[in-house]
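Notes follow once the structure below has been shown.
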Amino acid sequence: MARSTIALLASFVVAVGVPASAQQAPLNASQMKQPAANPNEKICEDVTQSGSRVVTKRFCGTRAEWEEKKRQDREGIEQM
C-alpha cells in the first residue's frame with residue numbers, strides 16, 4: 001500500500017510541474033524598491049515601561065519622531 005501511495009504522489013508532482021511563481025523572471029533592483037515612507041505619517045505603538053512586564057504606555061508620533069526616539073535610546077544605552 002505504501003508503494004501505491006508513493007507512486008500516486010510522484011505522479012501528482014510530475015503532473016503539477018513547476019509552479020508559476022518559479023517561472024517568473026527575477027525582479028531587478030528598481031522593481032524591488034518600495035516607495036519612500038512619509039516622514040509625517042503618524043504611528044502609534046504600545047511601549048512597555050522599563051522594569052515592568054505589565055505597565056505599557058502608548059506612544060504616538062511621526063516617523064521622524066520615532067527615529068529621534070530610537071536615536072536617543074541608542075545613545076542612552078551607549079553611555080551606560
Side-chain angles (χ1 to χ4, degrees):
M1 179 158 171
R3 287 185 183 180
S4 63
T5 304
I6 293 172
L8 178 64
L9 288 173
S11 65
F12 178 73
V13 170
V14 171
V16 171
V18 179
S21 61
Q23 295 174 354
Q24 295 175 352
L27 297 175
N28 61 27
S30 64
Q31 291 172 325
M32 294 175 69
K33 288 183 182 176
Q34 295 181 357
N38 180 2
N40 296 321
E41 180 183 2
K42 203 71 141 162
I43 300 172
C44 293
E45 188 174 309
D46 292 329
V47 179
T48 304
Q49 294 282 329
S50 294
S52 174
R53 293 179 287 174
V54 180
V55 179
T56 59
K57 185 177 182 181
R58 188 138 181 102
F59 179 77
C60 294
T62 63
R63 287 186 185 275
E65 291 171 337
W66 273 101
E67 288 300 318
E68 178 64 20
K69 182 178 181 336
K70 288 179 185 178
R71 185 188 64 75
Q72 289 175 353
D73 290 347
R74 229 181 358 259
E75 286 178 359
I77 290 171
E78 289 174 359
Q79 289 178 358
M80 292 172 89

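Basis for what follows: all heavy atoms, side chains included, without hydrogens, waters or symmetry-related copies.
Note: Glu68 CD to Glu65 CD = 9.5 Å, rounded to the nearest 0.5 Å. Going from atom OG1 of Thr62 over to atom NZ of Lys42 covers 6.5 Å, rounded to the nearest 0.5 Å. Taking CZ of Arg63 as the reference point, atom CG of Asn40 lies at 10.5 Å (rounded to 0.5 Å). Here CZ of Arg71 is found 10.5 Å from CD of Glu67. Values are rounded to the nearest 0.5 Å.
Of all the heavy atoms in Trp66 and Ile43, the pair that sits closest is NE1-O, 3.0 Å.
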